[in-house]
Q: 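Dropping a structure here in structure tokens format, bear with me for questions.
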Amino acid sequence: MKNILTAPFVTETGKTAANMYRMGFDERNSGNISIILDENEVGEYLDLSGVIRGIPLDFDAKALGGKILIVTASGSYFKNIADAPEENLGIVRISPDGKTAELLWGLKGGGRLTSEFPAHIMSHAARLSADNENRVVLHCHPTNILAMTFVHELDERKFTHTLWQMCTESIMIFPDGIGLLPWMVCGTNEIGIATAEKMKEFRLVIWAMHGIYGSGKTLDEAFGLIETAEKAAQVYMLTAHLPRVNTITDEQLRSLAESLKLDYREDFFA
Ligand code: 2HA
Ligand code: ZN
């Protein structure tokens with residue numbers, strides 16, 4: 001058996017969490033990460049029949065029955081994950097009936113799964129229905145995205161369009177746009193269901209006055225999406241109160257999208 005502490009899915013999760021902390025996206029214990037892992041790869045590091053304990057789930061996780069995920073622990077500080085992965089991460093297998101998360105490793109000292117586990121599992125199921133290679137769901141609190149939800153109309157079409165206008169790269173990175181939910185109580189099945197509904201259509205979903213969800217095939221893709229949206233939101237927050245002298249016009253955005261043959265949300269132009 002190889003040493004689990006050297007497994008790329010453990011080290012990369014720690015590195016991404018540390019990056020997100022340094023970017024200011026994950027103060028204190030905020031944010032959460034989950035990644036669907038390859039069973040054969042995990043089997044190189046762990047005895048897959050060695051269930052440490054069963055964690056009852058109070059939502060239906062059957063859509064991910066049999067799948068193994070690495071996930072951040074409830075209360076884990078992103079700055080500490082790389083140094084103490086066994087306390088701050090867990091590897092679980094969803095039981096076939098979707099009622100239990102079988103702990104295979106981590107959550108040392110009786111740790112619990114992230115409070116946003118329902119939103120993560122439901123989002124994975126939704127993303128997999130759109131893209132069977134999707135593996136990663138990330139949640140965090142990027143400052144400018146959050147700030148923007150206080151001062152910009154909460155309409156996902158208008159919000160996306162504004163972000164596209166803020167950086168040339170935006171439409172190239174998220175031509176599929178960003179879903180937007182109103183403020184809701186976090187950590188509940190209800191916000192999980194609402195997030196997953198948006199995830200059928202979008203890889204990015206903003207929770208107004210709270211944060212953002214990003215998804216992708218890899219950690220880099222999901223993190224890169226969030227980073228790019230946050231950059232655009234930063235430019236918005238730096239300029240929204242100033243007279244706008246120049247802008248990227250819709251015609252320019254469209255010609256960029258056409259020249260790159262992007263599958264973009266044409267209906268998101270005003
Ligand atoms: O994990 O960010 O939304 C802490 C949170 C809850
Ligand atoms: Zn949060």
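We count residues from 1, following the sequence as given. Keep in mind that what you see is a predicted model, and the values were worked out from it rather than measured.
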Q: OG/Ser95 to CD1/Ile55 distance, rounded to the nearest 0.5 angstrom?
A: 11.5 Å
Q: Using the test ring-ring contact (aromatic ring centres under 6.0 Å, His included), find all partners of Tyr45 that sit at least two apart in sequence or belong to another chain.
A: Phe9
Q: Kindly give the heavy-atom pair with the smallest separation between Ala229 and Leu163, and that separation in Å.
A: O-CD2, 4.0 Å
Q: Using ring-ring contact (aromatic ring centres under 6.0 Å, His included) as the criterion, list what pairs up with Phe117, not counting sequence neighbours.
A: none
Q: Any side-chain heavy atom of Met209 within less than 4.5 Å of one from Met184?
A: no
Q: After noting the C-alpha distance and the side-chain angles of Met237 and Met166, does the key distance pass the side-chain contact (heavy atoms from CB on, under 4.5 Å) rule?
A: CA-CA 10 Å; Met237 293 309 298; Met166 292 300 115; over 6 Å; no
Q: Just by distance, do the side chain of Ser30 and the backbone of Glu27 share a donor-acceptor pair under 3.5 Å?
A: yes
Q: Which atom pair, heavy atoms only, marks the closest approach of Arg112 to Leu107?
A: O-CD2, 3.7 Å
Q: Counting heavy atoms not belonging to Lys217, are there more than 12 under 6.0 Å from its NZ?
A: yes
Q: Per the side chain to side chain donor-acceptor pair (under 3.5 Å) rule, what does the pair list look like for residues 220-236, sequence neighbours excluded?
A: Asn144-Glu230, Arg203-Glu221
Q: In plain terms, say whether Arg93 and Glu39 are close enough for a salt bridge, that is, a side-chain N and a carboxylate O under 4.0 Å apart.
A: no
Q: Ile191 and Val185: which non-hydrogen atoms are nearest, and at how many Å?
A: CB-O, 3.6 Å
Q: Pro118: what forms a side chain to side chain contact (heavy atoms under 4.5 Å, CB included) with it, not counting sequence neighbours?
A: Phe59, Met122, Asn189
Q: Strictly below 4.0 Å, N to O, side chains only: are Arg265 and Asp176 in salt-bridge contact?
A: no
Q: Once rounded to the nearest 0.5 Å, what's the spacing between atom CD of Glu156 and atom CG of Leu181?
A: 8.0 Å
Q: Working to the nearest 0.5 Å, report the span between CD1 of Ile68 and CD of Glu102.
A: 9.0 Å
Q: Supply the atom-to-atom distance Asn19 CG to Phe25 CZ, rounded to the nearest 0.5 angstrom.
A: 9.5 Å
Q: Determine yes or no for a side-chain-to-main-chain donor-acceptor pair under 3.5 angstrom, with His139 supplying the side chain and Ile212 the backbone.
A: yes
Q: Roughly how far, to the nearest 0.5 Å, is OG of Ser170 from CG of Leu253?
A: 9.0 Å
Q: Would you call Met23 and Cys140 a side-chain contact if the rule is heavy atoms closer than 4.5 Å?
A: no
Q: Should Ile35 and Thr13 be marked as a side-chain contact (heavy atoms from CB on, under 4.5 Å) after you check the CA-CA gap, both sets of side-chain angles, and the distance that decides it?
A: CA-CA 9 Å; Ile35 311 171; Thr13 303; 3.5 Å; yes
Q: Kindly write out the residues that satisfy side chain to side chain contact (heavy atoms under 4.5 Å, CB included) with Asp263, not counting sequence neighbours, or none if the list is empty.
A: none
Q: Examine distances only and state if a side-chain atom of Trp164 and a backbone atom of Phe174 form a donor-acceptor pair shorter than 3.5 Å.
A: yes
Q: Are there over 12 heavy-atom neighbours, none belonging to Tyr21, within less than 6.0 Å of that residue's OH?
A: no
Q: Of Val71, Leu69, Val137, which is the lone residue that meets side chain to side chain contact (heavy atoms under 4.5 Å, CB included) with Ile121?
A: Leu69
Q: Between Asn32 and His120, is any side-chain donor less than 3.5 angstrom from a side-chain acceptor?
A: yes
Q: Which heavy-atom pair separates His161 from Asp250 by the least distance, and what is that distance?
A: NE2-OD1, 2.7 Å
Q: May I ask you to test the Val235-Cys167 pair for a side-chain heavy-atom distance under 4.5 Å?
A: yes
Q: Are the side chain of Thr72 and the backbone of Ile33 linked by a donor-acceptor contact shorter than 3.5 Å?
A: yes
Q: Does the Asn88 side chain pair with the main chain of Ala84, one donor and one acceptor, at a distance under 3.5 Å?
A: yes
Q: Hey, is Lys261 close enough to Glu258 for a salt bridge, meaning N to O under 4.0 Å?
A: no
Q: Search all heavy atoms of Met199 against all heavy atoms of Ala126 and return the closest pair with its distance.
A: CB-CB, 3.8 Å
Q: For residues 73-84, which residue pairs qualify under side chain to side chain donor-acceptor pair (under 3.5 Å), counting only residues two or more places apart or in two chains?
A: Arg28-Tyr77
Q: Measure up the Phe268 and Phe202 rings against each other and bin them: parallel (under 30°), tilted (30 to 60°), perpendicular (over 60°).
A: tilted
Q: For a side-chain contact (heavy atoms from CB on, under 4.5 Å) check, start with the C-alpha distance between Val42 and Leu48, then their side-chain angles and the critical distance, and finish with the verdict.
A: CA-CA 8 Å; Val42 181; Leu48 299 181; 3.8 Å; yes
Q: Just so I know, are the side chains of Ile70 and Ile36 near enough to count as touching, which here means a heavy-atom distance under 4.5 Å?
A: no
Q: Using 30° and 60° as the class limits, which term best fits the ring planes of Tyr213 and Trp207: parallel, tilted or perpendicular?
A: tilted
Q: Are Arg135 and Thr218 packed together at the side-chain level, in the sense that at least one heavy-atom pair is separated by less than 4.5 angstrom?
A: no
Q: What are the two closest non-hydrogen atoms of Leu225 and Ser215, and how far apart are they?
A: CD1-O, 3.3 Å
Q: Are side-chain heavy atoms of Met20 and Phe223 found at a separation under 4.5 Å?
A: yes
Q: Where the side chain of Thr160 meets the backbone of Ile178, is there a donor-acceptor pair that is under 3.5 Å apart?
A: yes
Q: Could you measure the distance from the CD1 atom of Ile81 to the NZ atom of Lys15? Nearest 0.5 Å is fine.
A: 14.5 Å
Q: Should Lys99 and Ile94 count as side-chain neighbours, where that means a heavy-atom distance under 4.5 Å?
A: no
Q: Can you tell if the side chain of Leu128 reaches within under 4.5 Å of the side chain of Lys67, non-hydrogen atoms only?
A: yes
Q: State whether the side chain of Gln252 and the backbone N or O of Thr249 hold a donor-acceptor pair below 3.5 Å, judged by distance alone.
A: yes
